[in-house]
Student: 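So that we are looking at the same thing, I have put the structure below in C-alpha cells.
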Amino acid sequence: MSEALAAAPAVDRLARRNALILAVAQACYGVAVSLVITLGGVVGHALAIDKSLSTLPITTMMIGTTVAVIPASLFMQRFGRRTGFMIGAGAGVAGSLLAAQAIFAGSFWLFCLATHFLGYYQATAGYYRFAAADTATPEFRPKAISYALGGGLAGALLTPEIVRWTNDVYVLSAGCFLAAAVSAGLGGLILSLLRIPKPARVAAGAPTGRPLFQIMRQPRFLAALAAGAVSYGMMSLVMTSTPLAMIACGFDNLDAAGAIRWHVVAMYLPSFFAGHLIARYGREQIALTGMVILLLCGVIALTGLSFIQFTLAMVALGAGWNLAYVAATSIVTDSHTPEERGKVQAANELVIFSFVAFSSFMSGVLLNHVGWNGINIALFPTIGLAALLVLILPRLGRSGRTA
C-alpha cells in the first residue's frame, strides 16, 4: 500500500500519510468488529431463550451505530476528526470488555448492551473513509478512500487466528472479546497520530451551505444513497446469518471464522484497485458492477451447503460490497462543499445504518422462519431495485430534471 500511496502527487503528501494511519486504524477496527460478526450470533444463540433473537446482539450494534452517526459527525465537524475517532475507539474498548463480562454473567441482555456500545465505535470508524478524503485533491480522493478501507484486509487475516488462540480462553469465546478490547485500544493510539485540520468555526449567522433537503434531492446523491444503503444492508443480512447457518449445517466456530475471514478479505482487498477503477470507468459503473457481484453471492449460496460454497458466497458478498460502497462514498464526497460536510455525511450514514440495523435483525428472523435459501433469495429484488435507481437517477440529473 505504501508504494501505491507514494505514487500520488506531492500535493497529496498529507493525504497519503493520513490514509496510511487510517488504514492501520481500519485494521484494528476490523479485528474488533469481525469478532462481533463472527461470534455475536453464536453467543446470542447460546444466551438467548428465544432463538429467533440470536442475531439481536448484532442488531443492537447496528442500532448503536445508527444512534451515533449524527452526533459523531457533528462533533467531528466542530472538534475535529482525531478527537472523535479516539472517543469512538474508547467506546470499542468499553463495549468489548462489557461483552466479556456479559458472557461470564450469562446475561443475553447485557451482551446486547455491550454490542450496542461497539456500535458507537463502528459509527466513528465509518467516517475513516471520509476523513481520508478530507485532505486529498479531487483526483486522489477515490484512491485515498479505497486505501483507508483497504486496511481492513489485515483485520480479516488476523481475526481467525485470534479466534483460534482465544476461543477457548475462559468460557463461550469471552477471550475473543478481550482480544477485541486490545485491538480497539491499539486503534485509538494509532489515531492519535492523525493530522487533519479542524474545520473553521462558523460564525453565528454565517452561511452553512445549502439546506440538507436540497442536497439530498440531487439525483446523483440519491443514487449514491441507494447503492450504499442496499449494498451494506444486504451484506449485513447475509453475513450476519452465515455463522449460524454454517453451525446448523454441522460446522464449528473455527469453520465459520474461516468463511468470515475470506469474506472480510474480499471486503477490503478490492480497495487497493477500486479507486483506479472508479477513475477509469466512473462511479456509477463501478457501483453497478459491485451490485452484480452481490447477486452472484446469492446464486452461489443457493447451489449448496458445503464449506466451499459458503466461503465463495462470502467472497462474492465482500467484493460486491466493496465496489458498490467505495463508489457510493465517492459520489457523496462530490455532492457537498466543506461547510456542508458534517450534515451531509451524517444524513448519509444515518440512512445507511438504519437499513443495516433493520437487515441484521431480519437476518435472524428470516433464518428462523424461511431458512438460509430464503435469505439469499431476498437479495435479488432488493439489489435489482437499487441497481435500477443507480441507472436512472444520474440520467435524470444530466437531462436537467434535477431537484
Side-chain angles (χ1 to χ4, degrees), residues 33 36-66 102 106-116 119 172-173 229-253 255-257 259-260 263 291 294-307 309-314 316-318 320-321 351-386:
V33 173
V36 177
I37 295 299
T38 303
L39 299 171
V42 176
V43 173
H45 189 271
L47 296 178
I49 296 174
D50 182 354
K51 302 308 178 185
S52 67
L53 298 178
S54 297
T55 62
L56 186 60
I58 298 175
T59 301
T60 55
M61 181 175 73
M62 299 305 177
I63 291 173
T65 303
T66 305
S107 173
F108 174 74
W109 296 109
L110 185 61
F111 186 68
C112 289
L113 178 62
T115 58
H116 180 78
L172 198 61
S173 305
V230 169
S231 62
Y232 211 142
M234 292 299 98
M235 190 265 284
S236 177
L237 180 77
V238 178
M239 176 184 64
T240 300
S241 60
T242 296
L244 288 172
M246 291 184 69
I247 289 172
C249 290
F251 300 102
D252 60 22
N253 283 0
D255 293 323
I260 294 296
H263 166 65
M291 284 187 255
L294 285 170
L295 292 177
L296 180 61
C297 161
V299 172
I300 295 171
L302 291 170
T303 62
L305 299 172
S306 70
F307 178 79
Q309 286 162 316
F310 275 113
T311 302
L312 289 176
M314 287 296 97
L317 187 71
W321 170 83
V351 172
I352 287 176
F353 282 103
S354 294
F355 190 64
V356 170
F358 173 76
S359 299
S360 64
F361 176 74
M362 290 305 298
S363 181
V365 173
L366 290 174
L367 186 64
N368 194 54
H369 291 287
V370 300
W372 174 245
N373 284 351
I375 285 176
N376 287 283
I377 289 171
L379 287 174
F380 294 92
T382 312
I383 293 175
L385 177 59

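Note that the coordinates shown come from a computational prediction; the quantities given were computed from them, not determined experimentally.
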Student: In Å and rounded to the nearest 0.5 Å, what is the CE to OG1 distance from Met314 to Thr311?
Tutor: 8.5 Å
Student: Within the structure provided, determine whether Leu366 and Leu237 are in side-chain contact (heavy-atom separation under 4.5 Å).
Tutor: yes
Student: Check the pair Phe108, Val43 against side chain to side chain contact (heavy atoms under 4.5 Å, CB included), reporting the backbone distance first and the verdict last.
Tutor: CA-CA 8 Å; Phe108 174 74; Val43 173; over 6 Å; no
Student: Mind jotting down which residue pairs meet the ring-ring contact (aromatic ring centres under 6.0 Å, His included) criterion with at least one end in residues 351-378? Sequence neighbours excluded, please.
Tutor: Tyr232-Phe353, Phe310-Trp372
Student: Is there a side-chain contact between Thr60 and Leu113 (heavy atoms, below 4.5 Å)?
Tutor: no
Student: Compare all side-chain heavy atoms of Ile247 with those of Asp252 and state whether any distance is below 4.5 angstrom.
Tutor: no
Student: Please tell me if the side chains of Pro243 and Ile260 come closer than 4.5 Å, counting only heavy atoms from C-beta onward.
Tutor: yes
Student: Pick out which of Ile352, Leu294, Ile383 makes a side chain to side chain contact (heavy atoms under 4.5 Å, CB included) with Ser231.
Tutor: Leu294
Student: Got a second to check how far Leu317's CG is from Cys297's SG, nearest 0.5 Å?
Tutor: 4.5 Å
Student: Tell me the closest heavy-atom pair linking Gly298 and Asn376, and the distance in Å.
Tutor: CA-OD1, 4.0 Å
Student: Side-chain contact test, heavy atoms from C-beta onward, threshold under 4.5 Å: evaluate it for Met239 versus His263 and give yes or no.
Tutor: yes
Student: Measure from the side-chain N and O atoms of Gln309 to the backbone N and O of Ile300, and report whether any donor-acceptor pair falls under 3.5 Å.
Tutor: no
Student: With sequence neighbours excluded, tell me which residues meet ring-ring contact (aromatic ring centres under 6.0 Å, His included) with His45.
Tutor: none
Student: To check you understand the geometry: which heavy-atom pair defines the closest contact between Ser354 and Thr66, and what is its length?
Tutor: OG-CG2, 3.1 Å
Student: What closest approach, in Å, do Asn373 and Ala301 show between heavy atoms, and which atom pair accounts for it?
Tutor: OD1-O, 4.3 Å
Student: Tell me the closest heavy-atom pair linking Ala256 and Met246, and the distance in Å.
Tutor: CA-SD, 3.9 Å
Student: To the nearest 0.5 Å, what is the distance between CE (Met234) and CD1 (Ile375)?
Tutor: 10.5 Å
Student: Determine whether Ile63 and Thr59 make a side-chain contact, defined as any pair of heavy atoms from C-beta on separated by less than 4.5 Å.
Tutor: yes
Student: At what distance, to the nearest 0.5 angstrom, does CG of Asn368 lie from OG of Ser54?
Tutor: 7.5 Å
Student: Indicate whether the side chain of Ser360 and that of Thr240 have a donor and an acceptor atom separated by less than 3.5 Å.
Tutor: no
Student: Rounded to the nearest 0.5 Å, what separates atom CG in Leu47 from atom SG in Cys112?
Tutor: 8.5 Å
Student: For side chain to side chain contact (heavy atoms under 4.5 Å, CB included), just list the numbers for Leu56 and Phe111, CA-CA rounded to whole Å, side-chain angles, deciding distance to a tenth of an Å, and then say yes or no.
Tutor: CA-CA 10 Å; Leu56 186 60; Phe111 186 68; over 6 Å; no
Student: Write down the atom of Met62, the atom of Ser236, and the distance for their closest heavy-atom approach.
Tutor: CE-OG, 4.2 Å
Student: Can you check side chain to side chain contact (heavy atoms under 4.5 Å, CB included) on Val356 and Thr65, steps first, answer last?
Tutor: CA-CA 9 Å; Val356 170; Thr65 303; over 6 Å; no
Student: If you look at every heavy atom in Thr115 and Pro57, which pair is closest and at what distance?
Tutor: OG1-O, 2.6 Å
